[in-house]
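Step one of this worksheet: look at the structure below.
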Amino acid sequence: MDYKKIEKKWQKKWKDEKAYKFDPEKVGEKKYVLEMFSYPSGAKLHVGHWYNYGPSDSYARFKRMQGYEVFHPMGFDAFGLPAENYAIKTGIHPKDSTFKNIKTMEKQLKAIGATYDWNYEVITADSKYYRWTQWIFLQLLKAGLAYRKEAPVNWCPSCQTVLANEQVKDGDCERCGSVVVRKNLTQWFFKITDYADELLAGLDGLDWPEKTKLMQKNWIGKSYGGEIEFTVLTGQSFKVFTTRADTLFGVSYVVLAPEHPLVAKLTTPDRAAAVAAYVADTGKVNEIERLSTAREKSGIFTGAYAINPINGRKVPVYIADYVLASYGTGAVMGVPSHDERDFIFAKKYGLPIERVVKSADGSADELPYVEYGVNVNSGRFDGLTTDEAKIAIVQELQKNGKGELKTNYRLRDWLVSRQRYWGAPIPIIHCPHCGAVPVPEKDLPVLLPYNVDFTPDGKSPLLKSDEFMNVKCPVCGAPAKREPDTLDTFVCSSWYFLRYPDNKNKKKAFDGDWINKMLPVDKYIGGAEHACMHLLYARFFTKALRDMGYLNFDEPFLSLVHQGLILGPDGNKMSKSLGNVVSPDETIKKYGSDAFRLYLMFGFSYIEGGPWSDKGIESVVRFMERVERLAQKAAAADLSKSDYGKEEKELNYIRNSAIKSVTRDMEAFGFNTAVARLMELTNALYAYDNRNPDIKHAVFKAAVKDLILLMAPMTPHFAEELNESLGGTVSVFKQRYPVIDESALTLDEVEIAVQINSRVKAKLNVPSALDENGVKEFALSQPQIAALVSGAEIKKIVVVPKRLINIIL
RNA sequence: GCCGAAGUGGCGGAAUAGGCAGACGCAAGGGACUUAAAAUCCCUCGGUUGCAAGACCGUAUCGGUUCGAGUCCGAUCUCCGGCACCA
């Protein structure tokens with residue numbers, strides 16, 4: 001078969017017939033199937049794109065054949081750093097390269113023969129889109145979910161620029177390899193932490209990979225504990241957060257983060273110089289290093305003492321860089337006897353170590369003892385278990401207002417400003433009189449200017465565009481400056497799935513009623529690397545927009561699948577430097593896009609991925625040719641055999657069990673086993689053909705037709721062509737996906753295994769109508785089974801219907 | 001260090017819900033067709049042992065539960081992914 005020719009032929013036909021046009025009138029039975037949109041990088045579509053999009057499209061086709069109105073859009077995540085970095089290297093403007101790449105990729109995606117309805121395309125770098133990204137920013141601001149504060153960011157001293165977290169690899173700049181340092185800048189944040197609890201609770205109801213849910217759960221990191229107030233002798237007070245309030249009697253010091261606002265105030269004059277020097281030093285250490293567990297603990301005494309509220313004991317106040325200002329209260333209590341870090345710290349600085357918990361069974365345990373146990377040396381709390389004491393001690397403090405139960409999250413607010421050019425401008429104007437003023441909605445979009453020098457020099461590139469920067473304050477009319485930062489690209493991708501169904505809307509980001517009908521996405525397919533970024537942000541946006549009244553559902557993606565990674569033939573990740581990159585274009589040229597897609601579905605477990613094999617793709621080509629010859633046989637066959645005998649019954653059984661398992665496997669993204677079942681059906685049809693070379697029963701041709709229909713989602717052009725060759729005049733995608741005939745699946749006899757003492761000794765055909773006792777009697781009445789038992793005493797018989805009988809002697 | 005997932009033939013990978021391990025494919029071997037080769041069609045294909053029927057072993061390792069374990073439980077080893085001073 002001339003693959004190239006038939007691909008062109010059917011793609012043209014589909015296009016002319018608008019075969020995959022989405023019909024909004026039919027949304028009652030819709031399926032929203034969505035693949036994570038792609039980044040329009042310079043290179044062409046790689047195997048990874050195909051692996052994401054090919055099998056997913058087959059799933060969409062499968063749903064379409066089952067009668068659903070499938071909404072299957074495609075678009076581009078077009079803002080972002082790679083285009084900008086490429087521009088810095090080559091001088092080609094990001095806008096030019098991006099939109100050129102999009103054209104190329106659109107063409108390539110069309111060549112896949114996928115069912116995308118391009119009418120619904122979304123491009124995030126298009127002002128028709130980012131206008132609404134900016135609008136959402138303003139809504140978040142209005143709702144108190146966007147705010148500005150000073151925060152440390154990743155700074156590359158060599159590139160003279162801020163880097164996104166994703167650009168920091170093991171503490172180094174991804175581009176030049178320099179060590180990244182921290183730098184404080186005033187930044188915009190989204191208050192995702194307001195939704196920490198709901199983001200956590202909502203995971204339970206989602207049909208997502210457990211691993212991904214767990215990653216989000218750990219990322220959100222909810223922990224239960226108490227906040228306890230310590231008062232310094234000089235009068236100030238501060239709170240510490242602890243999950244082990246039960247160890248409060250064992251506190252021998254307290255520690256503040258170097259950035260804690262009280263540090264300067266409570267440090268005694270004689271310690272001031274040393275403390276200031278320590279604080280300055282920690283500022284120089286880069287974040288990665290500071291947070292490294294391998295680093296030796298260091299700290300410094302402030303000269304101040306605080307009172308432990310439970311026993312009135314005076315304990316020294318330290319500062320140490322292992323305490324994070326951004327978590328909890330930025331202060332912790334030190335209990336060396338029951339915490340490993342505190343133990344090391346106490347040893348180093350000669351602080352007392354006093355046991356307040358022992359193991360419940362009283363067995364000898366060394367300090368630091370971090371397990372749960374029973375309180376000792378804790379006054380009237382002695383004898384309480386850890387779980388009891390944690391609560392009781394906080395409750396005791398609560399009476400004097402010195403403590404309360406508290407929940408903390410690891411999740412931090414989302415830093416969304418970027419000192420970069422190629423992104424959506426943040427719609428804010430800074431006025432000397434009115435402060436940070438939101439751009440009025442009627443003035444959106446704030447267009448990203450084209451002529452900007454984006455060579456990195458440590459400042460936001462937009463600052464250099466006077467034309468962009470200088471505006472009048474929308475409130476008082478005084479000369480003012482625009483916000484020069486742009487939004488993180490993850491902001492753009494946090495709501496694109498909401499825009500797809502209503503992508504032409506000029507009045508709103510999307511129409512509420514319409515979007516409530518179309519969303520949530522029924523099946524979302526994309527890489528696992530987005531577990532704690534895009535997939536979390538999109539959930540946050542959905543919930544925030546719901547609370548603002550723009551939509552009425554809680555979760556954007558009901559069901560999620562991660563595809564695996566296709567490796568090079570040598571088992572390594574494909575990379576130019578290893579020379580193991582498989583080019584989809586060349587492979588397709590040689591074998592056709594259907595074969596390429598079919599191999600991607602057959603050669604791997606979809607969620608695992610694995611190494612590419614040239615032999616593998618040849619094997620699916622062989623399979624397709626086998627099917628093609630079968631179709632030729634079916635077209636030419638003499639179907640006058642009227643006798644519906646054992647062979648026909650068997651063939652029909654295999655045909656129906658193939659329909660059953662292929663349907664189930666397609667549903668579960670078990671593509672490799674689905675193809676295997678089709679191969680089995682093909683083998684059975686060959687066997688039938690071999691035994692009945694001259695005249696065949698009509699069931700042969702019917703089974704071949706079903707085979708073609710079952711294959712259609714995987715090899716669309718090929719299936720259309722075969723369907724036509726068998727006289728079909730209607731596209732396979734307008735035909736109903738095969739449905740099983742239950743009666744064909746019930747056999748008169750089933751083969752079961754006969755075990756003696758749990759070892760298989762024989763196979764036996766048993767009438768399938770028999771119940772358990774019937775099977776026992778039938779089996780024992782068979783001479784060959786009786787011979788195996790040979791008169792021994794039968795202690796027990798286990799029967800598993802349709803599978804086995806186990807005779808215990 | 002903590003959390004999680006995985007470990008099955010020469011290879012890629014299958015095994016609803018604890019029930020015949022190795023589906024399907026690749027590679028390999030054999031046969032048919034052919035002057036020959038390719039292609040195609042058919043058969044064999046975990047290991048040891050046996051003339052054979054068969055017997056024994058076998059899902060990383062060790063132990064356990066069970067009539068029965070790749071699957072469940074406990075420990076160990078290896079590889080991968082995530083988090084990494086979160087108090």
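We use all heavy atoms of the structure for the numbers below, so side chains are in, but hydrogens, waters and symmetry mates are not. Within every chain, numbering begins at 1; the chains are lettered A, B, ... in the order of the sequence lines, protein sequences first and strands thereafter.
- In this entry the distance linking CG of A/N218 with C1' of B/A84 reads 12 Å, nearest Å.
- With both ends at atom C1', the span from B/C79 to B/A15 equals 23 Å, rounded to whole Å.
- The base of B/C56 does not come close enough to the side chain of A/R759 for any donor and acceptor atom to sit less than 3.5 Å apart.
- Remark: A/R626, A/R629 in residues 625-637 of chain A come within less than 4.0 Å of RNA chain B through at least one heavy atom.
- The residue A/N690 sits close only to the backbone: its heavy atoms come under 4.0 Å of sugar-phosphate atoms, none of a base.
- Residues passing the ring-ring contact (aromatic ring centres under 6.0 Å, His included) test with A/F718: none are found, sequence neighbours excluded.
- Across all strands, A/S326 comes closer than 4.0 Å to no nucleic acid atom at all (heavy-atom distances).
- The separation between A/I344 atom CD1 and B/A87 atom C1' is 14 Å, rounded to whole Å.
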ask   = Would you write out the dot-bracket form of RNA chain B, 5' to 3', with Watson-Crick and G-U pairs under 3.5 Å, [ ] for crossing pairs, | for pairs to other strands and . for unpaired bases?
value = ((((.((..(((......[....))).(((((.......))))).((((....))))..(((((..]....))))))).))))....

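- We find that NE2 of A/H338 is positioned 17 Å from P of B/A87, with the value rounded to whole Å.
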Nucleotide N/O of nucleotides 26-34 of chain B paired with protein N/O under 3.5 Å:
from  : atom 1 : to     : atom 2 : distance (Å)
B/C26 : OP1    : A/R622 : NH1    : 2.9

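- The same atom, P, is picked in B/U8 and in B/C33; the two are 42 Å apart, to the nearest Å.
- Between A/A676 and A/N806, it is A/A676 whose nearest contact on RNA chain B lies nearer the 5' terminus.
- Within 4.0 Å (heavy atoms only), A/E340 reaches no atom of the nucleic acid at all.
- For the P atoms, the distance linking B/G54 with B/U66 amounts to 32 Å, nearest Å.
- For A/F602, there are no ring-ring contact (aromatic ring centres under 6.0 Å, His included) partners two or more places apart in sequence or in a different chain.
- For B/U78 and B/U59, the C1' atoms lie 16 Å apart once the distance is rounded to whole Å.
- Nucleotides B/C45 and B/G30, compared at atom P, are 16 Å apart to the nearest Å.
- Map A/G330 and A/I752 each onto its nearest nucleotide of RNA chain B; the residue landing nearer the 5' end is A/I752.
- Side-chain rings of A/Y195 and A/W414 stay apart, their centers remaining 6.0 Å or farther from each other.
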note = For nucleotides 9-16 of chain B, 5' to 3', base contacts (B), sugar-phosphate-only contacts (S) and non-contacts (-) with protein non-hydrogen atoms under 4.0 Å give ---SSS-B

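- Residue A/I808 is in sugar-phosphate contact alone, with no base atom involved, counting any heavy-atom pair closer than 4.0 Å across all strands shown.
- A/R664 has no carboxylate O lying under 4.0 Å from a charged side-chain N of A/E667, or vice versa, which leaves the two without a salt bridge.
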